[in-house]
Amino acid sequence: MSEFDYDLFVIGAGSGGVRASRVAGAYGAKVAVAEEYRVGGTCVIRGCVPKKMLVYGAHFAEDLTDARRFGWKVPDCEFVWPVLRDNVLEVVKRIEGSYGTTLANNNVQFIGERAVVTGPNSVRVGQTDYTAGKILVATGATPDVPDFPGAEFGITSNEVFELETLPKRIIIAGAGYIANEFAGIFHEFGAHVTLVNRTDVILRQYEQQIRERLLAISIAKGIEFKFHTVMEKIERQEDGTLKVYFAGGFDPVETDMVLFATGRRPNTDGLGLESAGIHLDKRGAIPVDDDSKTVCDSIYAVGDVTNRVQLTPVAIREGQAFADTIFGKKPWRVDYGCIPSAVFSNPPMAGVGLTETEANMKYGNCKTYTADFRPMKNVLADRDERALYKMIVHSETEVVLGLHMIGPDAPEILQAAAIAVKAKLTKQQFDETVALHPSMAEELVLMR
Ligand SMILES: Cc1cc2nc3c(=O)[nH]c(=O)nc-3n(C[C@H](O)[C@H](O)[C@H](O)COP(=O)(O)OP(=O)(O)OC[C@H]3O[C@@H](n4cnc5c(N)ncnc54)[C@H](O)[C@@H]3O)c2cc1C
Ligand SMILES: NC(=O)c1ccc[n+]([C@@H]2O[C@H](COP(=O)([O-])OP(=O)(O)OC[C@H]3O[C@@H](n4cnc5c(N)ncnc54)[C@H](O)[C@@H]3O)[C@@H](O)[C@H]2O)c1
């Protein structure tokens, strides 16, 4: 008999926590997972999954317009938000249910409440104390909302999926992932979208030419950008609309909705980690080593709460590596090199490996190749939107160091190409691959 109630107690049933719980359970460990909201976490309930479904739904606005150029007699169409919203929420509920079933099938005990750490081997849920050989903190992150008068009148990505009605005008704070994805979504739903950003750089971590192409296309579509400013105050007016004031001499603007997309901070408030001697970094994240272990030998942390890479597949890998290493006797570590990522903006962009600036800093002058083209579908649709692919290549070895793209289906194309970049293939090996014609992806092997 173990001296503890559980071999593993997981706090948070999101991407990282569910993977770690079910894999540890499958290895025969006695596992409990506590979740204060809904099984599935951010990705399933109010992140990647419903977001992607809204991206699909929103894109019909352009598809239906383009269809006429392809010979379809499309009558004037009406978009009914509650239908899309409720269908998306229904699918989310089904996925949540299947996550619960997976936990049960792997003998993981589910506790639907908030848990806090009370010591190296103990947690508290409500009035009940539990002990565990290992504790895994997988509590994710939460929207970081700037503090200024009236900020409470804005919403975050937590609320955006359940709106009663769609705004006709929306101001989005931030110019990162969520801001650009929802700018595309709301614009296609017919709203006037304004993005407000402290600098004039959007999606800073992406390749400059690619993000500049997104900015140019977004502006051409009618999305408005207010750069070098921040919101200073929001007032709610008698008719329910909002008046937003900006720093730096910009006139106030009336709007129906404000969405904060200003980053996500680790969910560590009141989590009791100090009871185990764990101190947070200045972003509130839990510091961990390469095995996701904290300074306390019995406590580990994975996913957004560690603020390493805030992406679902990374949280899942960290959870899997933890469970394999600790409960499966198969130790391995997550490799953070060449993580592909995408922004589901309109059009979407995606990238893997080094940007040109990063590559030049690391290796000196690198070679770059680009393909700047109008996708065939856009030609017939008479849509003046060009795709751009960019490859960064080591000047001596010819190894492809980075691949970046914007255009239709860029995330789908990049996932496959990321295998080649991760495998350190050379430009010549790309070129030796026969093009698949006609496709957009063939540009990858035809770049000059
Ligand atoms: C709008 C949006 C879109 C996104 N889109 C993408 C995308 O397209 N691709 C991508 O890779 N990533 C995307 N992400 C990021 C992705 O959702 C996260 O990186 C991922 O969910 C992190 O997983 P996690 O396990 O660390 O945390 P989470 O999935 O957030 O899970 C943490 C869980 O812990 C629970 N919890 C917190 N504190 C406690 C406590 N004390 N007790 C019990 N339970 C607790 C929370 O309720 C939550 O369910 C998106 C995020 C957002 C917000
Ligand atoms: N497609 C995807 O994979 C995807 C989609 C959505 C979210 N995510 C993940 O979720 C994380 C959070 O998304 P996000 O868009 O909120 O963050 P982000 O880090 O991508 O962007 C935050 C933006 O807010 C700005 N900002 C920060 N503080 C501010 C302040 N006080 N006032 C004004 N502007 C401020 C930043 O300059 C930046 O433009 C992302 O970093 C990403 O890891 C991923």
Side-chain angles (χ1 to χ4, degrees), residues 9-20 33-52 54-55 96 99 111-117 123-125 136-148 151 156-161 172-183 185 195-199 201-206 227 229-232 247 259-273 301-316 318-319 339-345 348-350 411:
F9 196 104
V10 179
I11 307 181
S15 305
V18 166
R19 174 58 64 94
V33 59
E35 168 55 55
E36 66 179 354
Y37 184 53
R38 292 174 63 183
V39 181
T42 304
C43 178
V44 171
I45 307 295
R46 46 195 181 184
C48 340
V49 172
K51 180 272 309 283
K52 186 74 186 280
L54 292 192
V55 168
E96 180 186 7
Y99 269 58
I111 302 171
E113 273 185 78
R114 177 174 171 80
V116 295
V117 174
V123 296
R124 182 167 299 152
V125 180
L136 178 69
V137 182
T139 50
T142 196
D144 206 355
V145 176
D147 187 15
F148 62 81
T156 68
S157 59
N158 282 353
E159 292 78 43
V160 77
F161 298 104
I172 303 178
Y177 280 91
I178 296 176
N180 282 284
E181 293 182 340
F182 278 91
I185 291 169
L195 245 84
V196 179
N197 194 34
R198 296 182 292 195
T199 66
V201 177
I202 68 168
L203 292 156
R204 178 178 299 279
Q205 63 275 50
Y206 280 84
F227 286 138
T229 187
V230 288
M231 296 184 198
E232 263 184 352
L259 171 67
F260 290 108
T262 40
R264 291 171 59 79
R265 72 185 151 78
N267 252 330
T268 46
D269 289 353
L271 205 54
L273 292 160
V302 295
D304 285 3
V305 76
T306 63
N307 202 24
R308 287 176 281 187
V309 181
Q310 290 190 347
L311 294 175
T312 285
V314 177
I316 289 174
E318 289 169 355
I339 295 173
S341 63
V343 186
F344 295 93
S345 42
M349 46 189 265

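Order of appearance sets the numbers: ligands from 1, and atoms from 1 within every ligand.
With a 4.0 Å heavy-atom cut-off, ligand 2 is reached by no atom of Thr312. With a 4.0 Å cut-off on non-hydrogen atoms, Leu311 touches ligand 2 through its side chain and not its backbone. By the criterion of a heavy-atom distance under 4.0 Å, the side chain of Phe344, and not its backbone, is placed next to ligand 1. Neither the backbone nor the side chain of Pro143 has a heavy atom within less than 4.0 Å of ligand 2. Contact annotation: for Met231 versus ligand 2, there are no heavy atoms closer than 4.0 Å.
Close contacts between ligand 2 and Gly176 involve ligand atoms 15 (O), 20 (O), 21 (O), 23 (C), 39 (O) [criterion: under 4.0 Å to a heavy atom]. Within ligand 2, the atoms closer than 4.0 Å to a non-hydrogen atom of Phe344 are 1 (N), numbered from 1 in the order shown. Close approach of ligand 1 to Pro313 (heavy-atom distance below 4.0 Å) involves ligand atoms 11 (O). Counting the atoms of ligand 1 from 1 in the order shown, those under 4.0 Å from a heavy atom of Cys43 are 17 (O), 21 (O). Counting atoms of ligand 1 from 1 in the listed order, those under 4.0 Å from a heavy atom of Ala34 are 43 (C), 44 (N). The contact set between ligand 1 and Arg264, taken as ligand atoms under 4.0 Å from a residue heavy atom, comprises 53 (C). Under a 4.0 Å criterion applied to the non-hydrogen atoms of Gly303, ligand 1 contributes the atoms 26 (O).
Heavy-atom proximity to atom 17 (O) of ligand 2, evaluated over Gly263, Ser345, Ala141, is greatest for Gly263. The nearest non-hydrogen atom to atom 13 (C) of ligand 1, considering only Cys48, Gly14, Gly12, comes from Cys48.
Scanning all protein heavy atoms for the shortest distance to atom 15 (O) of ligand 2 gives Ile178 N, 2.8 Å. The protein non-hydrogen atom at the shortest distance from atom 47 (O) of ligand 1 is Glu35 OE2, 2.6 Å. Nearest to atom 37 (O) of ligand 2 among the protein's heavy atoms is Arg198 NH2, 3.2 Å. Scanning the protein heavy atoms around atom 11 (C) of ligand 2, the nearest turns out to be Gln310 OE1, 3.2 Å. Closest to atom 27 (O) of ligand 1, if we only count protein heavy atoms, is Gly140 CA, 3.2 Å. Scanning all protein heavy atoms for the shortest distance to atom 39 (O) of ligand 2 gives Ala175 N, 2.9 Å.
The shortest N/O to N/O separation between Glu181 and ligand 2 falls below 3.5 Å. Of the N or O atoms in Ala179, none lie within a sub-3.5 Å distance of an N or O in ligand 2.
Partner of Arg264 under the side-chain hydrogen bond (donor to acceptor under 3.5 Å, both in side chains) criterion, out of Thr156, Asn307, Thr42: Thr42 alone.
Heavy-atom contacts from other residues, nucleotides or ligands closer than 6.0 Å to CZ of Arg124 number 12 or fewer.
Side-chain N or O atoms of Glu318 include one that pairs as donor or acceptor with a backbone N or O of Gly303 at under 3.5 Å. With hydrogens and angles ignored, the 3.5 Å screen pairs no side-chain donor or acceptor of Thr306 with any backbone N or O of Ala301. Listed for the Thr262 side chain is a donor-acceptor partner under 3.5 Å among the backbone atoms of Asp144.
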